[in-house]
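One structure is given here, and the rest of the page talks about it.
Read the numbers this way: they start at 1 and go in the same order the structure lists the ligands and their atoms.
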Amino acid sequence: MGITIAIDGYSSCGKSTLAKALANRLGYRYIDTGAMYRAVCWHAVSQGFFKGMVLNINALIAALPQIDIEFKYNAVRNGSEVYLNGQNIEANIRTLEISNLVTQVSKLPEVRRKMVALQRDMGKQKAIVMDGRDIGSHVFPNAELKIFMQADMQVRAQRRLQEHQQKGENVSLQDIIDNLKYRDQEDMNRSENPLIKTADAFILDNTFLTREAQLDLILNELHKRQLM
Ligand code: DC
């Protein structure tokens with residue numbers, strides 16, 4: 001049946017990179033829960049619920065029942081992509097604009113309850129790697145392996161800057177650092193399911209670790225715990 005692997009941590013610490021590698025290696029499904037909050041945020045932007053930085057919370061809450069989020073596998077990219085009401089919005093949700101607005105959406109209890117219910121449903125069959133901020137603490141408190149990721153701020157920001165540059169986007173390092181600091185604070189201080197390190201989480205600081213070294217470390221941990 002497989003196990004549940006929960007990966008949490010600060011923004012841009014390489015959670016999704018590790019999660020994808022693990023899922024590939026184990027033949028598990030990978031669910032990027034950040035993409036779900038980004039999708040809701042993108043819906044709010046495209047429906048005009050944001051005026052500048054100000055969100056019309058009531059309009060978004062009223063629209064929640066009409067928001068359908070699913071993941072579909074893209075064989076060309078060898079990864080799953082997020083769909084909102086049948087439309088592939090993978091490319092729309094990774095912008096700095098959405099990164100700057102998404103915490104206003106992800107802190108709303110109504111939004112979180114809907115996303116958590118969807119995530120629990122997706123994880124019912126196990127054999128899943130899910131990453132986010134509250135996966136080990138709230139979505140799957142009984143996950144067989146919980147990983148909490150952290151890394152030095154400069155390293156995190158450089159990694160994110162490279163991603164933007166590869167897409168041809170002109171973003172400054174300082175803007176990225178400001179955004180990461182802001183989101184970390186928001187994630188740790190919201191009232192509903194904040195980002196916390198659970199006592200049973202395996203702490204992974206990847207400041208000086210390659211992707212391969214991180215994967216090896218976790219595979220080793222799974223062996224040690226006799227989970228594979
Ligand atoms: O991982 P990410 O940067 O794509 O996540 C986008 C935002 O969603 C991030 O600012 C925090 C929030 N988030 C959350 O509150 N809970 C999750 N399980 C996943 C993401």
Tell me whether Ser11 has any N or O atom under 3.5 angstrom from an N or O of ligand 1. no
Would you mind telling me if ligand 1 is within reach of the side chain of Asp32, the backbone, both or neither, using heavy atoms under 4.0 Å? neither
Salt-bridge criterion met for Lys126 and Glu144 (N-O under 4.0 Å): yes
Any nitrogen or oxygen of Thr103 lying under 3.5 Å from a nitrogen or oxygen in ligand 1? Just yes or no. no
For atom 11 (C) of ligand 1, what is the nearest protein heavy atom, given as residue, atom name and distance? Asp187 OD1, 3.3 Å
Starting from atom 5 (O) of ligand 1, which protein heavy atom do you reach first, and at what distance in Å? Gly34 CA, 3.4 Å
Ser106 heavy atoms, cut-off 4.0 Å: which ligand 1 atoms fall inside? 12 (C), 15 (O)
Nearest-neighbour protein heavy atom for atom 1 (O) of ligand 1, which is reported as residue plus atom name and distance: Arg133 NH1, 3.0 Å
Report the residue from Glu90, Arg29, Met36 that forms a side-chain contact (heavy atoms from CB on, under 4.5 Å) with Phe71. Met36
Please write down residue, atom name and distance for the protein heavy atom closest to atom 19 (C) of ligand 1. Thr33 OG1, 3.3 Å
Treating Asn74 as the side-chain partner and Gly79 as the backbone partner, does any N or O pair qualify as donor plus acceptor under 3.5 Å? no
Verify same cluster id: Ile176, Ile98 (apolar side-chain graph, 4.5 Å): no
For Gly132, take its heavy atoms, then give the atoms of ligand 1 lying under 4.0 Å from any of them. 17 (C), 18 (N), 19 (C)
Would you call Lys124 and Asp121 a salt bridge, using N to O less than 4.0 angstrom? yes
Any donor-acceptor N or O pair under 3.5 Å, side chains Arg38, Ser99: yes
Run through Asp175, Asn179, Thr95 and flag the one making a side chain to side chain donor-acceptor pair (under 3.5 Å) with Asn100. Asn179
Asn85 side chain to Gln66 main-chain N or O, any donor-acceptor pair under 3.5 Å? yes
Short version for Arg183: what comes under 4.0 Å of ligand 1, heavy atoms counted, is side chain
Per-atom filter on ligand 1: closer than 4.0 angstrom to a heavy atom of Tyr37 are 8 (O), 13 (N), 14 (C), 16 (N), 17 (C), 18 (N), 19 (C), 20 (C)
What I want to know is whether Arg190 and ligand 1 share at least one N or O pair that is separated by under 3.5 angstrom. yes
I want to know if ligand 1 touches Arg112 in the polar sense, i.e. an N/O pair below 3.5 angstrom. yes
Looking at Val102, which atoms of ligand 1 are within less than 4.0 Å of one of its heavy atoms? 7 (C), 10 (O)
Considering only heavy atoms from C-beta outward, does the side chain of Ile5 approach that of Ile147 to under 4.5 Å? yes
Are Thr33 and Val139 packed together at the side-chain level, in the sense that at least one heavy-atom pair is separated by less than 4.5 angstrom? no
Do any nitrogen or oxygen atoms of Arg38 lie less than 3.5 angstrom from nitrogen or oxygen atoms of ligand 1? yes
